[in-house]
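Everything quoted here is computed from the prediction, not taken from an experiment.
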Amino acid sequence: MKVKGFEKNIIMNILLNGELSNKPIDIDQVVANKNEDEIWWAAAQSDTITKELR
């Protein structure tokens, strides 16, 4: 299965915001609301999930 960009965006929204959404991720809002460790964790988890979906 090929993972499309919007699917990765949905995964990142779930991990960062706890919501099922394809809205664009507002980097300024994420940086204001999350610490660096949470952002890196979400990015790593998103990569892991998308690799498993392939």
Side-chain angles (χ1 to χ4, degrees):
M1 171 196 291
K2 183 175 180 182
V3 178
K4 298 177 180 89
F6 75 90
E7 293 166 334
K8 187 161 184 163
N9 194 53
I10 291 170
I11 294 167
M12 287 295 290
N13 270 310
I14 292 169
L15 294 170
L16 288 171
N17 303 320
E19 61 184 33
L20 182 59
S21 171
N22 190 31
K23 71 178 182 179
I25 295 174
D26 181 351
I27 298 299
D28 293 332
Q29 180 183 4
V30 170
V31 170
N33 295 330
K34 303 291 181 184
N35 66 44
E36 187 176 347
D37 290 336
E38 290 173 307
I39 296 168
W40 282 112
W41 175 84
Q45 291 299 315
S46 177
D47 285 343
T48 300
I49 293 167
T50 55
K51 286 177 186 173
E52 289 178 10
L53 291 174
R54 290 185 190 150

- With a 4.5 Å limit on heavy-atom distance, are the side chains of N13 and K23 in contact? yes
- Task: Mind checking the CD-CH2 spacing from E36 to W41? Nearest 0.5 Å is all I need.
- Result: 16.0 Å
- Item | Distance-minimising heavy-atom pair for S46 and L15 | N-CD1, 3.7 Å
- Item | Residues clustered with I25, ILVMFWY side-chain links under 4.5 angstrom | M12, L16, I27, V30, V31, I39
- Got a sec: does the CD of E19 have more than 12 other heavy atoms crowding it under 6.0 Å? yes
- First locate atom CD1 of I10, then atom NZ of K8, and finally report the distance between them rounded to the nearest 0.5 Å. 13.5 Å
- Judged by atom type as modelled, is there a donor-acceptor pair below 3.5 Å linking the side chain of E38 to the main-chain atoms of N35? yes
- Message: I'd like to check Q45 versus I11 (side-chain heavy atoms, cut-off strictly below 4.5 Å). Are they in contact?
- Response: no
